[in-house]
Amino acid sequence: MDRWRGVLNVPLHPLARSCYRVAASLCLSPTSKTLIVPSANAIFFGRDRVAGTGNEVVERLSDLQNIAEILVSKIGGSVNAWVIEASDFNGPFAVYKDFIPSVNQRGEPKLYCPDGYPASGSIVSLLSSFLEEVKSHIVRQEALPSPGISTSHCSQPKILIFGFSKGGTVLNQIVTELGFSDIELSRDELMEEKKISMEEDIHIIPRTKETLLTSIREIHYVDVGLNSPGAYITDDGAIEKISKRLTQVDKGICFILHGTPRQWRDSRRSWICDEKDKLVNLLEYEAQRSGGKLQVCEKFYFADRSPDLQIHFEIIKKLDVS
């Protein structure tokens with residue numbers, strides 16, 4: 001299988017004043033040179049900027065395209081990988097304002113609110129805009145008559161969400177939306193989904209917020225942390241509602257918390273570990289109530305290393321997604 005690889009600056013919508021820098025590694029047919037429906041979409045949200053470290057490891061693992069290829073190497077060649085950088089930065093601070101409207105100038109959330117489903121809606125819009133640009137690029141490059149799609153999977157690809165460092169705040173927002181949204185489709189929405197499913201490229205990416213939320217199978221917190229509270233979601237109501245909803249369907253969700261001493265042993269920011277422990281406790285409790293539909297796993301890396309910046313980035317290379 002071939003792959004389309006690239007980094008594009010993509011607006012969230014046509015009137016947006018700023019663009020998101022997005023890297024992707026997408027399944028591509030070696031014969032028809034058309035995009036192939038993946039088994040899964042792995043979506044990775046990045047952290048604050050780090051520049052001028054002089055550390056080759058940090059610089060290499062800050063490269064968006066490199067992260068996309070690492071994800072593919074770990075999850076499998078039949079997946080699409082998307083790596084998203086915030087559209088706005090205040091100095092080094094990533095500000096995911098479109099995804100989390102409550103963030104301050106340093107990109108720190110005041111609260112996580114599901115109203116309007118900003119994170120799930122933004123993901124759908126961003127990936128759709130990116131995909132259209134890629135298809136146009138392929139048509140120009142390969143001199144194809146139209147941007148075709150090769151269908152190899154008959155069901156909507158599952159979604160795997162990754163949040164690295166501050167990118168974990170986007171995960172918290174998605175979890176909030178998943179918990180408090182009514183993801184049971186109305187009759188009109190079901191008709192729209194049926195109509196869309198007749199189009200060959202529906203399976204590449206989710207076309208609606210509802211499809212995105214119902215396709216999520218794994219949520220990976222990757223060494224997340226903030227200089228203020230809010231690195232991990234601790235809303236028991238959201239977790240309880242997710243658990244309850246899972247008991248009514250035949251699919252589950254797994255939360256995986258990956259950490260290093262950089263975040264989990266930082267005595268100056270003790271709230272990070274406190275929040276992590278509270279979330280794990282909430283998830284373990286609801287895992288029992290859900291009959292195993294909700295699962296949680298903690299993975300600690302570099303336990304014998306000093307809590308420096310390098311291991312914070314090295315966790316990307318060492319991620320255990322099995």
Side-chain angles (χ1 to χ4, degrees), residues 1-12 19-47 49-50 56-87 94 122-153 156-164 167 170 200-207 212 215 218 220 222 313-319 321:
M1 183 185 299
D2 288 348
R3 304 196 71 82
W4 184 94
R5 299 176 174 90
V7 181
L8 300 177
N9 292 318
V10 184
L12 193 61
C19 291
Y20 285 85
R21 190 161 168 261
V22 181
S25 180
L26 310 178
C27 300
L28 189 70
S29 169
T31 54
S32 65
K33 298 302 180 183
T34 55
L35 294 173
I36 297 175
V37 175
S39 61
N41 283 296
I43 308 170
F44 183 105
F45 291 92
R47 53 156 291 144
R49 282 178 176 159
V50 176
E56 293 183 2
V57 174
V58 171
E59 298 299 326
R60 185 170 63 253
L61 293 173
S62 297
D63 182 83
L64 303 188
Q65 191 64 55
N66 187 35
I67 295 172
E69 299 306 329
I70 289 173
L71 290 175
V72 172
S73 71
K74 289 182 173 296
I75 303 169
S78 65
V79 307
N80 284 346
W82 314 77
V83 182
I84 300 171
E85 184 178 73
S87 62
S122 293
I123 292 173
V124 170
S125 296
L126 196 58
L127 297 192
S128 296
S129 296
F130 191 103
L131 192 62
E132 289 306 310
E133 289 201 29
V134 171
K135 289 193 289 187
S136 297
H137 175 83
I138 292 174
V139 168
R140 293 192 302 269
Q141 187 177 50
E142 303 295 337
L144 298 176
S146 62
I149 300 294
S150 298
T151 304
S152 58
H153 293 84
Q156 186 69 34
K158 62 183 180 180
I159 300 291
L160 287 63
I161 305 283
F162 295 77
F164 173 48
V170 179
E200 57 184 355
D201 64 343
I202 173 59
H203 296 308
I204 291 182
I205 57 172
R207 285 293 191 88
L212 173 74
S215 299
E218 296 179 11
H220 293 262
V222 184
F313 279 87
E314 278 188 296
I315 192 174
I316 297 173
K317 187 70 173 177
K318 295 294 185 179
L319 274 181
V321 297

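When a residue number appears, it is its place in the shown sequence, counting from 1. Side chains are part of it too, since the values below use all heavy atoms of this structure and drop only hydrogens, waters and symmetry mates.
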Item to check | Minimum heavy-atom distance Leu28-Leu35, with the two atoms named | outcome: CD1-N, 3.8 Å
Checklist outcome for this item: d(Ile138 CD1, Lys33 NZ) to nearest 0.5 Å is 9.5 Å
Checklist entry - Roughly how far, to the nearest 0.5 Å, is OG of Ser215 from CD1 of Ile161? => result 10.0 Å
Checklist entry - Do Arg3 side-chain atoms and Ser25 backbone N/O form a donor-acceptor pair below 3.5 Å? => result yes
Next on the checklist: Between Pro206 and Ile159, is there a side-chain heavy-atom distance shorter than 4.5 Å?
Outcome noted: yes
Item to check | Heavy-atom check, side chain of Leu127 versus side chain of Asn41, under 4.5 Å | outcome: no
Item to check | Rounded distance (nearest 0.5 Å) linking atom CD1 of Ile36 with atom CH2 of Trp4 | outcome: 15.0 Å
Checklist entry - Using 30° and 60° as the class limits, which term best fits the ring planes of Phe164 and Phe44: parallel, tilted or perpendicular? => result tilted
Checklist entry - Say you draw a straight line from CD of Glu69 to CZ of Arg5; how long is it, rounded to the nearest 0.5 Å? => result 4.5 Å
Checklist outcome for this item: Between Leu61 and Ile67, the two heavy atoms sitting closest are O-CD1, 3.6 Å
Checklist entry - Side chain of Asn9, backbone of Cys19: donor and acceptor closer than 3.5 Å? => result no
Checklist entry - Is it true that a side-chain atom of Asn80 and a backbone atom of Ala24 form a donor plus acceptor pair closer than 3.5 Å? => result no
Checklist entry - Do Trp82 and Leu126 touch side chain to side chain, with heavy atoms closer than 4.5 Å? => result no
Checklist entry - Are side-chain heavy atoms of Val134 and Leu8 found at a separation under 4.5 Å? => result yes
Item to check | Flag side-chain contact, heavy atom, 4.5 Å: Leu71 against Val79 | outcome: no
Item to check | Gly77 versus Cys27, closest heavy-atom pair with distance | outcome: O-SG, 3.7 Å
Next on the checklist: Nearest 0.5 Å, please: how far is OG in Ser62 from CZ in Arg49?
Outcome noted: 11.0 Å
Checklist entry - What pair of heavy atoms forms the shortest contact from Ala42 to Phe162, and how long is it? => result CB-CE1, 4.1 Å
Checklist entry - Does Ser129 have any side chain to side chain contact (heavy atoms under 4.5 Å, CB included) partners at least two apart in sequence or in another chain, and if so, which? => result Val10
Item to check | Presence of salt bridge, Lys317 and Glu314, under 4.0 angstrom | outcome: no
Checklist entry - Between the main-chain N or O of Val321 and the side-chain N or O of Lys74, is there a donor-acceptor pair closer than 3.5 Å? => result no
Item to check | Val72 to Ala81 - nearest heavy-atom pair and separation | outcome: CG2-CB, 3.8 Å
Item to check | Gap separating the OG atom of Ser128 from the CD1 atom of Ile123, nearest 0.5 angstrom | outcome: 11.0 Å
Next on the checklist: So which atom in Val124 and which in Arg207 form the shortest heavy-atom distance, rounded to 0.1 Å?
Outcome noted: CG1-O, 3.5 Å
